[in-house]
Amino acid sequence: MSGVNEIRSTFLDFFEKNGHQKVVSAPLVPRNDPTLMFVNAGMVPFKNVFTGLEQRPYSTAASSQKCVRAGGKHNDLDNVGYTARHHTFFEMLGNFSFGDYFKERAIELAWTLITKEYGLPADRLLVTIYHDDEEAAGHWKKIAGLSDDRIIRIATSDNFWSMGDTGPCGPCSEIFFDHGEGIPGGPPGSPDEDGDRFIEIWNLVFMQFDQIEPGNRIPLPRPSIDTGMGLERISAVLQGVHDNYEIDLFRALIGASAQLTGVDPDGPQKASHKVIADHLRASAFLVADGVLPSNEGRGYVLRRIMRRAMRHAQLLGAQDPLMHRLVPALVREMGQAFPELVRAEALISETLKLEETRFRTTLSRGLGLLEDASAALGSGDVLAGETAFKLYDTYGFPLDLTQDALRQRGVGVDLEGFNAAMERQKAEARAAWSGSGEAADDQIWFRIRDELGATEFLGYETEQAEGAV
Ligand code: ATP
Ligand code: MG
Ligand code: MG
Ligand code: MG
C-alpha cells in the first residue's frame with residue numbers, strides 16, 4: 001500500500017514522463033491576485049499563463065499545490081469533522097495544458113493514471129460531464145469504455161467552470177469513486193448527492209471559451225486544460241479507506257494527538273481529533289507562508305482556525321497548550337515534501353504556543369458563559385446575538401467557534417443581533433478614538449517573526465517558485 005508521499009510522486013512522475021514540467025507549489029498567499037484570500041486551486045498560480053498575460057518556457061505542467069478553503073467563495077471550514085472528504089488545507093494535484101493538448105488527451109491521461117498507474121477498478125468509477133458536452137461523452141466512451149449510465153450529465157454550474165464574469169471558461173468533467181453500498185449517499189446529480197458514498201476525486205476543466213461580456217462567449221483560439229485532484233481523497237481510495245482522515249498521514253497526526261491527550265482516536269471524540277489534525281496543517285502551512293494570527297483579513301482566518309482547534313483540544317481535556325506539541329509529527333510527515341515547514345518549524349511552534357496560551361485564559365470562562373446562556377436552548381433555537389458578541393469581544397471567540405460549539409445541539413446564533421452589537425461597538429469606538437496608532441496587541445507577532453525569521457515572501461520572485469519538485 002502506498003503512502004501519501006508516494007502517491008504524490010507517482011502523480012508528478014507520471015505527468016513528467018508524459019512531457020509535463022514539474023512545478024513546485026506556490027505559497028498559499030496568492031501573489032498575482034489581490035482579490036483572493038488564499039490559493040484555493042492548483043490553477044491559481046497559472047492564471048496569467050492561461051489568459052496569455054504571462055509566458056512560461058513550457059506549455060504543459062503538473063504540480064501538487066497547497067490550497068486553503070476557509071473563507072470566500074470556497075469555504076470548507078464548517079465541513080471539517082463532519083464530512084469524510086473535506087479539509088481546510090489540502091493538496092491539489094493537477095496537470096495543465098496552456099494551449100497544448102485538449103479534451104481527448106486530458107481524458108486519456110487521467111484515465112491511464114487512475115486505472116493503470118494507480119490501478120483502480122474501472123467498475124467503481126463514474127464520471128459527470130456538462131449536459132451538452134457531446135465531445136467529452138464521446139471520449140469517455142471511446143477511451144474508458146464507459147457506458148451511458150456511468151456518464152452523468154449535469155446542467156448546473158458544478159460542471160461549468162469560469163474564472164470570473166469574463167475571461168476563460170468551459171465545461172468540466174468530474175471523476176467519482178464509489179465507496180460502496182454501506183455508505184449513505186447517492187450518485188452525483190441525485191437528490192442525496194451530498195452523502196459520502198460517491199466521492200468526487202478529480203475535476204477536469206476544459207477551458208474552451210472566452211466570455212467577452214455577459215451573454216457573449218467566443219471559442220478560445222487555443223483551448224486549455226486545468227485539472228484538480230485532492231491528494232488526500234485519492235489516497236483514501238488507494239489505501240482502501242473511506243474517510244480521508246484515515247489515510248497514513250492523518251493516522252500519524254491523529255495518533256500524536258491521541259497520545260498526548262490520552263483520548264481514544266476511534267472513540268466518540270474522534271471528530272475533535274480530526275479537527276485538530278486538519279487545523280494543525282492549515283495553521284502550520286499558513287504560518288510557514290508568512291501569515292500570522294491577527295484580528296483582520298488573512299490573519300483573522302488563521303486565528304479562527306487556530307482557536308477552533310484549541311477548543312477541540314480543550315474538549316479532549318488538554319490541560320496545557322497542545323497544538324505546538326503536534327508540530328514535530330507534522331514536520332516528520334510532510335517536511336520532506338515541503339521544506340518550508342522545516343525552515344519555519346520554530347516559528348510555527350512559537351506562534352501556536354503563544355496563541356493557545358493567551359486564548360486559554362479566556363477559553364474556559366467563555367465556554368462557561370456559553371453553557372449558561374444556552375442551557376435552556378434546544379434544537380431550532382438561537383443564541384442571543386448580544387451573547388455571541390460578548391464572547392467575541394471579551395473572550396476572543398470568533399463567531400464561527402461559537403456556532404461550531406452549538407451546532408451539535410442544533411442551536412444557531414442570532415446573526416442580526418450579533419452584527420448590530422458589532423456595529424454599535426464600532427460606532428462607540430469611532431466616537432472615542434484618540435489616534436493611538438496600531439494595536440499593541442498584534443505587535444508581538446511581528447516581533448516573533450523578526451526573531452525567528454519568516455520564510456515566505458522570499459520565494460516569490462526567485463526560482464524557488466518554479467524549480468523542480
Ligand atoms: P466537493 O464538491 O467535494 O466540495 P469541489 O467540487 O468543491 O469538491 P473542486 O473545486 O472541483 O472541488 O476541486 C478539485 C478537487 O479538489 C476535488 O475534486 C477534490 O478532489 C479536491 N478538493 C476540493 N475541496 C477539497 C477539500 N476541502 N478538502 C480536500 N480535497 C478537496
Ligand atoms: Mg466544494
Ligand atoms: Mg463538487
Ligand atoms: Mg468539483
Side-chain angles (χ1 to χ4, degrees), residues 4 7-8 11 25 28 36-44 46 63-96 106 110 113-114 118 120 125-130 152 154-163 169-179 183 185-190 192-207 225-238 241-247 249-250 274-275 277-279 281-282 285 301 305:
V4 167
I7 294 168
R8 184 195 300 109
F11 181 94
S25 174
L28 283 165
L36 192 63
M37 194 163 263
F38 300 117
V39 171
N40 58 16
M43 64 77 63
V44 171
F46 298 111
S63 64
S64 187
Q65 174 62 45
K66 300 182 278 188
C67 293
V68 165
R69 292 191 173 183
K73 183 174 144 205
H74 285 291
N75 186 355
D76 288 329
L77 192 54
D78 290 331
N79 287 323
V80 172
Y82 298 95
T83 73
R85 68 183 199 278
H86 288 107
H87 307 291
T88 54
F89 169 92
F90 64 99
E91 284 179 64
M92 199 185 282
L93 300 163
N95 58 292
F96 308 94
L113 176 73
I114 55 178
Y118 286 149
L120 291 184
L125 297 165
L126 56 157
V127 302
T128 61
I129 57 168
Y130 192 56
I152 298 170
I154 307 272
T156 67
S157 61
D158 264 359
N159 281 68
F160 196 90
W161 179 90
S162 57
M163 203 177 275
C169 60
C172 51
S173 181
E174 299 194 314
I175 303 175
F176 285 72
F177 183 79
D178 180 0
H179 278 270
I183 296 152
S190 74
D192 53 347
E193 65 173 358
D194 283 335
D196 275 337
R197 172 173 168 184
F198 294 87
I199 290 201
E200 174 191 327
I201 52 175
W202 203 348
N203 187 353
L204 314 181
V205 177
F206 311 128
M207 279 186 212
I225 292 292
D226 151 34
T227 84
M229 169 157 69
L231 172 63
E232 301 77 4
R233 290 191 194 180
I234 184 68
S235 299
V237 170
L238 293 175
V241 294
H242 166 246
D243 191 319
N244 279 11
Y245 291 87
E246 283 173 19
I247 63 176
L249 164 63
F250 274 100
K274 292 182 184 179
V275 173
D278 174 85
H279 292 8
R281 294 210 308 164
F285 276 96
V301 176
I305 293 172

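Start at 1 and go down the list; that is how both ligands and their atoms are numbered.
Numbered from 1 in the order shown, with element, the atoms of ligand 1 that lie under 4.0 Å from a heavy atom of Ile201 read 18 (O), 20 (O). Against a heavy-atom cut-off of under 4.0 Å, Met92 is close to the following atoms of ligand 1: 13 (O), 14 (C), 16 (O). Ligand-side atoms of ligand 1 in range of Asp76: 24 (N), 26 (C), 27 (N), range being under 4.0 angstrom from any heavy atom.
Nearest heavy atom pair, residue Leu126 against residue Phe198, reads CD2-CD2, 3.6 Å. Scanning all heavy atoms of the two residues, the minimum distance from Val39 to Lys66 falls at CG1-O, 3.7 Å. Pairing each heavy atom of Ala41 with each of Gln65, the nearest pair is O-CG, 4.0 Å. The shortest non-hydrogen separation linking Ile305 to Ala70 is CD1-CB, 3.9 Å. Of all heavy-atom pairs between Arg85 and Asp194, the closest is NH1-O, 3.8 Å. Taking both residues in full, the closest heavy atoms of Glu232 and Glu91 are given as OE2-N, 3.0 Å, listed atom of the first, atom of the second, then distance.
With respect to atom 28 (N) of ligand 1, the closest heavy atom belonging to the protein is His87 N, 2.9 Å. At the top of the distance list for atom 15 (C) of ligand 1, counting protein heavy atoms only, stands Gly228 O, 3.4 Å. Among all protein heavy atoms, the one lying closest to atom 4 (O) of ligand 1 is His86 NE2, 2.8 Å.
The number of protein N, O or S atoms lying under 2.8 Å from the Mg ion (ligand 3) is 1.
Polar contact check, Gly230 against ligand 1: a nitrogen or oxygen pair lies under 3.5 Å apart. Between Asn203 and ligand 1, at least one pair of N/O atoms sits closer than 3.5 Å. For a threshold of 3.5 Å applied to N or O pairs, the pair formed by Met229 and ligand 1 contains no separation below that value.
With hydrogens and angles ignored, the 3.5 Å screen pairs a side-chain donor or acceptor of Asp278 with a backbone N or O of Thr88. Using modelled atom types, no side-chain atom of His279 and backbone atom of Val80 make a donor-acceptor pair closer than 3.5 Å. Looking at Tyr245, its side chain never comes within 3.5 Å of a backbone N or O of Val275 through a donor-acceptor pair. A side-chain donor-acceptor contact under 3.5 Å links Asp196 to the backbone of Ala84.
Here the shortest heavy-atom distance to atom 31 (C) of ligand 1, taken over Trp202, Phe176, Phe90, belongs to Phe90. Looking at Arg233, Arg69, Glu200 and measuring to atom 7 (O) of ligand 1, the nearest heavy atom belongs to Arg69.
Relative orientation of the Phe96 and Phe46 rings is tilted, given thresholds of 30° and 60° on the angle between their planes.
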